[in-house]
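Working notes, beginning with the structure itself.
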Amino acid sequence: MKSNLIEPDAGREVLITRSFDVPRDLVWRAWTELDHLKQWHAPRGCEIHFERFDFREGGGFLSCIRNPAFGECWCVAEYLEISKPERIVYKLSMADAAGNLISATAAGHDPGWPDETILTLTLEESGGKTLLTLHQTVSEELAKRTGAYPSWLDMLDRLAGQLEAGG
């Protein structure tokens, strides 16, 4: 089911592409199955905890990334669109430990960080390899300054390692 979302403006927003030497189904599973997500969906040195996880349109998750240097970062997501095996769109918002939405400022983040962003993930397969494209509706400059952008790169490196290890 397609949503009526406005496509991200790649000129102003985070846009990351990464190629994986595995079939798309494996990458899809890494993004959609909780046991896989727990293995890579936090930067190195951090831990991720999922308080809840419901992968379906209208479902979502409540997660917390624990960073030894910066503390806890709770996020709530709502899946807006799921088109297996090629596209996932979800809204990502700051939250407290109970899953209540809070402002980015209240969460201790940069005051310029939006209270919610839309993340669009697309997966294209060619010759047994998968091209992942990640769009997030936040300024790339802000994402680089706050560490969100390098965190995505690190998480995708962890994902590549997990996929190479067969998982």
Side-chain angles (χ1 to χ4, degrees), residues 1-44 46-66 73-95 99-101 113-140 143 148-167:
M1 178 173 160
K2 298 287 181 190
S3 67
N4 293 323
L5 295 173
I6 297 170
E7 290 296 318
D9 179 353
R12 297 180 310 156
E13 300 171 343
V14 169
L15 175 63
I16 299 171
T17 60
R18 178 72 57 96
S19 180
F20 298 98
D21 291 335
V22 297
R24 177 169 52 185
D25 263 4
L26 294 178
V27 181
W28 178 264
R29 289 180 55 209
W31 280 85
T32 62
E33 296 179 8
L34 184 56
D35 289 341
H36 291 285
L37 273 173
K38 290 177 181 176
Q39 302 301 312
W40 66 269
H41 206 269
R44 286 185 189 93
C46 300
E47 295 178 14
I48 189 162
H49 165 73
F50 286 87
E51 186 66 26
R52 64 175 186 258
F53 182 78
D54 180 11
F55 185 72
R56 62 178 173 84
E57 288 184 358
F61 61 82
L62 172 62
S63 68
C64 177
I65 293 179
R66 294 183 178 100
C73 178
W74 287 89
C75 292
V76 67
E78 177 186 359
Y79 291 108
L80 304 173
E81 179 185 334
I82 298 172
S83 300
K84 185 180 181 182
E86 60 199 31
R87 185 173 161 100
I88 302 169
V89 180
Y90 59 95
K91 181 171 49 177
L92 194 58
S93 307
M94 297 291 147
N100 300 307
L101 300 182
W113 191 265
D115 293 341
E116 66 179 39
T117 63
I118 303 295
L119 193 137
T120 302
L121 177 78
T122 57
L123 303 174
E124 300 172 58
E125 183 172 306
S126 178
K129 297 182 177 187
T130 302
L131 178 64
L132 176 149
T133 303
L134 182 151
H135 292 152
Q136 188 172 18
T137 57
V138 63
S139 154
E140 185 172 294
Y149 188 91
S151 292
W152 274 121
L153 298 179
D154 190 52
M155 289 188 285
L156 294 174
D157 287 347
R158 291 184 71 193
L159 173 58
Q162 180 189 8
L163 293 170
E164 288 173 10

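Owing to the predicted nature of the structure, the values given are computational and were not obtained by experimental measurement.
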Q: Apply the test side-chain contact (heavy atoms from CB on, under 4.5 Å) to residues Leu134 and Leu132: give CA-CA distance (whole Å), side-chain angles for both, the deciding distance (0.1 Å), then the verdict.
A: CA-CA 7 Å; Leu134 182 151; Leu132 176 149; 4.1 Å; yes

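- With rounding to the nearest 0.5 angstrom, the OG atom of Ser93 is 7.5 Å from the CD1 atom of Ile118.
- In this structure, NZ in Lys84 is found 9.5 Å from CZ in Arg29, a value given to the nearest 0.5 Å.
- The heavy-atom pair separating Met94 from Cys73 by the smallest distance is SD-SG, 4.5 Å.
- The CD atom of Glu78 sits 13.5 Å away from atom CG of Leu62, with the distance rounded to the nearest 0.5 Å.
- In this structure, Ala30 and Trp40 approach most closely via the heavy-atom pair O-NE1, 3.1 Å.
- Between the Arg87 side chain and the Thr120 main chain, no donor and acceptor come within less than 3.5 Å of each other.
- Under the 3.5 Å distance criterion, with hydrogens and angles disregarded, no donor-acceptor pair is assigned to the side chains of Glu13 and His135.
- Counting heavy atoms from C-beta on, the side chains of Trp28 and Ile88 come closer than 4.5 Å.
- Annotation for Trp74 and Glu51: closest pair CZ3-CB, 4.2 Å, computed over non-hydrogen atoms.
- By the 4.5 Å heavy-atom criterion applied to side chains, Pro43 and Ile65 are counted as neighbours.
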Q) Stepwise, does the side-chain contact (heavy atoms from CB on, under 4.5 Å) test hold for Arg18 with Asp157? A) CA-CA 9 Å; Arg18 178 72 57 96; Asp157 287 347; 2.7 Å; yes

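- Annotation for His41 and Trp31: closest pair NE2-CZ3, 4.2 Å, computed over non-hydrogen atoms.
- Side-chain atoms of Asp154 come within 3.5 Å of backbone atoms of Arg44 as a donor-acceptor pair (strictly under, hydrogens ignored).
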(Q) For a side-chain contact (heavy atoms from CB on, under 4.5 Å) check, start with the C-alpha distance between Val76 and Arg52, then their side-chain angles and the critical distance, and finish with the verdict. (A) CA-CA 9 Å; Val76 67; Arg52 64 175 186 258; 3.6 Å; yes

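- Counting non-hydrogen atoms of neighbouring residues, nucleotides and ligands closer than 6.0 angstrom, the CD atom of Glu47 reaches no more than 12 such neighbours.
- Residues Ile82 and Tyr79 come closest through the heavy atom pair CD1-CB, 4.0 Å.
- Between the SG atom of Cys75 and the CG atom of Leu92 there is a distance of 4.5 Å, given to the nearest 0.5 Å.
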Q: Decide yes or no on side-chain hydrogen bond (donor to acceptor under 3.5 Å, both in side chains) for Gln136 and Trp152, but give the supporting numbers first.
A: CA-CA 10 Å; Gln136 188 172 18; Trp152 274 121; 3.0 Å; yes

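- Residues Leu26 and Leu163 approach most closely at O-CD2, 3.9 Å, considering heavy atoms.
- Taking the six-membered ring for Trp and thresholds of 30 and 60 degrees, Phe53 and Phe55 have nearly parallel ring planes, at less than 30 degrees apart.
- Between the CG atom in Leu156 and the CD atom in Gln162 there is a gap of 12.0 Å [rounded to 0.5 Å].
- Expressed to the nearest 0.5 Å, how far CD1 of Ile16 lies from CD of Glu140 amounts to 7.5 Å.
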Just list the side-chain donor-acceptor pairs under 3.5 Å for residues 123-131, sequence neighbours left out, or say none.
residue : atom : partner : partner atom : Å
Glu125  : OE1  : Arg24   : N            : 2.6
Thr130  : OG1  : Val22   : O            : 2.7
Thr130  : OG1  : Arg24   : N            : 2.9

